[in-house]
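I have placed the structure first, in the form of structure tokens, so that the comments after it can refer back to it.
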Number of protein chains: 2
Amino acid sequence: MARRNATDIASEMRRSIEAGTYRRFERLPPSRKLAESFGVARNTLRDALNQLENEGLLETRPGSGTYVTVQDQNQIPDAVGDSTPLELIDARFALEPHICRLCVLHGRREDFDTMEELCARMEAATNDPVAFSEADTAFHRALASATRNSLLIWLIGQINTVRSLDEWMRMRHLTLDPDIISEYNRQHRQILEALRSREPERAAVMMKEHLETARLSLTRAAET
Amino acid sequence: MARRNATDIASEMRRSIEAGTYRRFERLPPSRKLAESFGVARNTLRDALNQLENEGLLETRPGSGTYVTVQDQNQIPDAVGDSTPLELIDARFALEPHICRLCVLHGRREDFDTMEELCARMEAATNDPVAFSEADTAFHRALASATRNSLLIWLIGQINTVRSLDEWMRMRHLTLDPDIISEYNRQHRQILEALRSREPERAAVMMKEHLETARLSLTRAAET
DNA sequence: CCATATTGGATCAACTTTGGATCAATCAAG
DNA sequence: CTTGATTGATCCAAAGTTGATCCAATATGG
């Protein structure tokens, strides 16, 4: 076994933290003890700790100790799968208004035609929550596609996989009555109009309104 | 078994690295030990290492060791790996301003203290682009963590893996001169102040300004 | 409130490990 | 044979580790 250097120790500890051996806000053993248990000099261990601190995994407070500042990744093995509908809405609230703005910049005629088509399909599905929901997902995906930004397209794709989850399915049937669907359809049309007339801010505002409606109907359903 | 030559060894090691046996930033065993374990002379092994270094998979630091520089490609989704720096900025433009707003809502004292710490570290790294970049990534991750939204935390985590990609690393050195770093530091402070005083919109605006600066310095570097 | 123990921070010179380089001897393939 | 690569040995310079010591900040307990 070769003599281990600071980088090796750092790698080892990084894995420990990511594996959850040490959890967020927990204090590590004192550097002297740690050095001993790794069989390495305290200076070397301190170098390792500094590396991890620079990566933002640890925080050391002189006189007090060294603390873990990140959550271990296994705690969120599938963040997408475990996220709640409200978390999802917040994430969409972050992404989609700006996607609308980019859509105005990069969207082409055929993109808007696709969305038009999907709007029509949603309007024909006022009484069919499942069909509506499918078209709705496709609409928001089309919106992302029109940005021509592969990263955003992928992120929206990831987010949309949540919608096929059980809890989400149940929520959908609780929230999607014909009145709500009509309201959504009206908003989709407004968004599309704003995009077509190349008004980025208006499109973004409409999208926020749309998501706000979704959030409201969600919290209302949760209270029932 | 025929006697293995340098190219054979290189192939074998290349496969090990791509399979993830050795992870990014991890140190390989010393060349003497490696040579022994491959049953080959150290000179031959060094030739193999040189081949891999020329391919950009490894980096050897005399007196220290040989380190893996590439990330296991299987770990990175294609969409994330293939995205350009400008796409990345657009994605951050979508996510981070709203993350700031949520941060005002859900952030706790200790979250802001962590960010404060990271600001201090970035300010100490005005002349060290690599150290600055690490702390910067950690700052934006801390911001996401403070939202307590596991989906957003995960999204930012995905986005941050992009930054460790090769093309990005090169860009970083082109863009991060001391003046730019100082400007970034000023903006980080402003964001943190706005968060502390619980002003969601001001924080979001500061973040937009920050990202706009980043976009500018990127396009400027691309023109050079 | 203070005294004391414990914690991390910093420094230093001696030592060890690391990769870099070279070269004559040896081996394998054409 | 001749050519090309591998071998094994040796020396080198760079970098890192060590172990010791002193310091400053914090925590603890009376």
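Lettering of chains follows the sequences in order, A, B, ..., and the numbering in each one begins at 1.
- Spacing between atom CD of B:E59 and atom P of D:dA14 amounts to 18 Å, rounded to whole angstrom units.
- A:L34 has its CG atom 8 Å from the P atom of C:dG8, to the nearest Å.
- Rounded to whole Å, the distance from CZ on A:R46 to C1' on D:dA24 is 13 Å.
- Note: B:Y184 and B:H210 have perpendicular aromatic rings, judged against thresholds of 30 and 60 degrees for the angle between ring planes.
- Between B:R61 and B:A41, the residue anchored closer to the 5' end of DNA chain D is B:A41, taking for each the nucleotide with the nearest heavy atom.
- Here the C1' atom of nucleotide C:dT6 and the NZ atom of A:K33 are 10 Å apart, to the nearest Å.
- Ranking D:dT7, D:dA27, D:dT18 by closeness to the B:T44 side chain, first place goes to D:dT7.
- Counting distance only, with no hydrogens placed and no angle test, the side-chain atoms of B:R42 and the base atoms of D:dG8 include no donor-acceptor pair under 3.5 Å.
- In this structure, A:S31 reaches the C:dG8 phosphate: one of its side-chain N or O atoms is under 4.0 Å from OP1 or OP2.
- Looking at heavy-atom distances under 4.0 Å, A:N43 makes contact with a base.
- Each of A:L45 and B:D47 has a nearest nucleotide on DNA chain D; the 5'-most of these lies closest to B:D47.
- Between A:N50 and B:T60, the residue anchored nearer the 5' end of DNA chain C, judged by the nucleotide with its closest heavy atom, is A:N50.
- Distance A:I9 CD1 to D:dG16 P: 15 Å, rounded to the nearest Å.
- Going from atom OH of B:Y67 over to atom C1' of C:dG19 covers 11 Å, rounded to whole Å.
- A salt bridge links A:E53 with B:R121: the distance from a Lys NZ or Arg NE/NH1/NH2 to an Asp or Glu carboxylate oxygen falls below 4.0 Å.
- Residue side chain A:R32 reaches the base of C:dG8 through a donor-acceptor N/O pair under 3.5 Å, judged by distance alone.
- Classification of B:R202 and B:E193 as a salt-bridged pair holds, one side-chain N sitting under 4.0 Å from a carboxylate O.
- Salt bridge status for B:E26 with A:R15: present, with a side-chain N to carboxylate O gap under 4.0 Å.
- The distance between atom CG of B:L49 and atom C1' of C:dG20, rounded to the nearest whole Å, is 12 Å.
- For A:S64 and C:dT7, the shortest distance from a side-chain N or O to OP1 or OP2 is not below 4.0 Å.
- Salt bridge annotation for B:R215-B:E212: present, with a cationic side-chain nitrogen under 4.0 angstrom from a carboxylate oxygen.
- The interatomic distance linking A:R4 (CZ) with D:dA15 (C1') rounds to 19 Å, in whole Å.
- Minimum atom distance to the side chain of A:P62 is reached by C:dG9, of the listed C:dG20, C:dG9, D:dG16.
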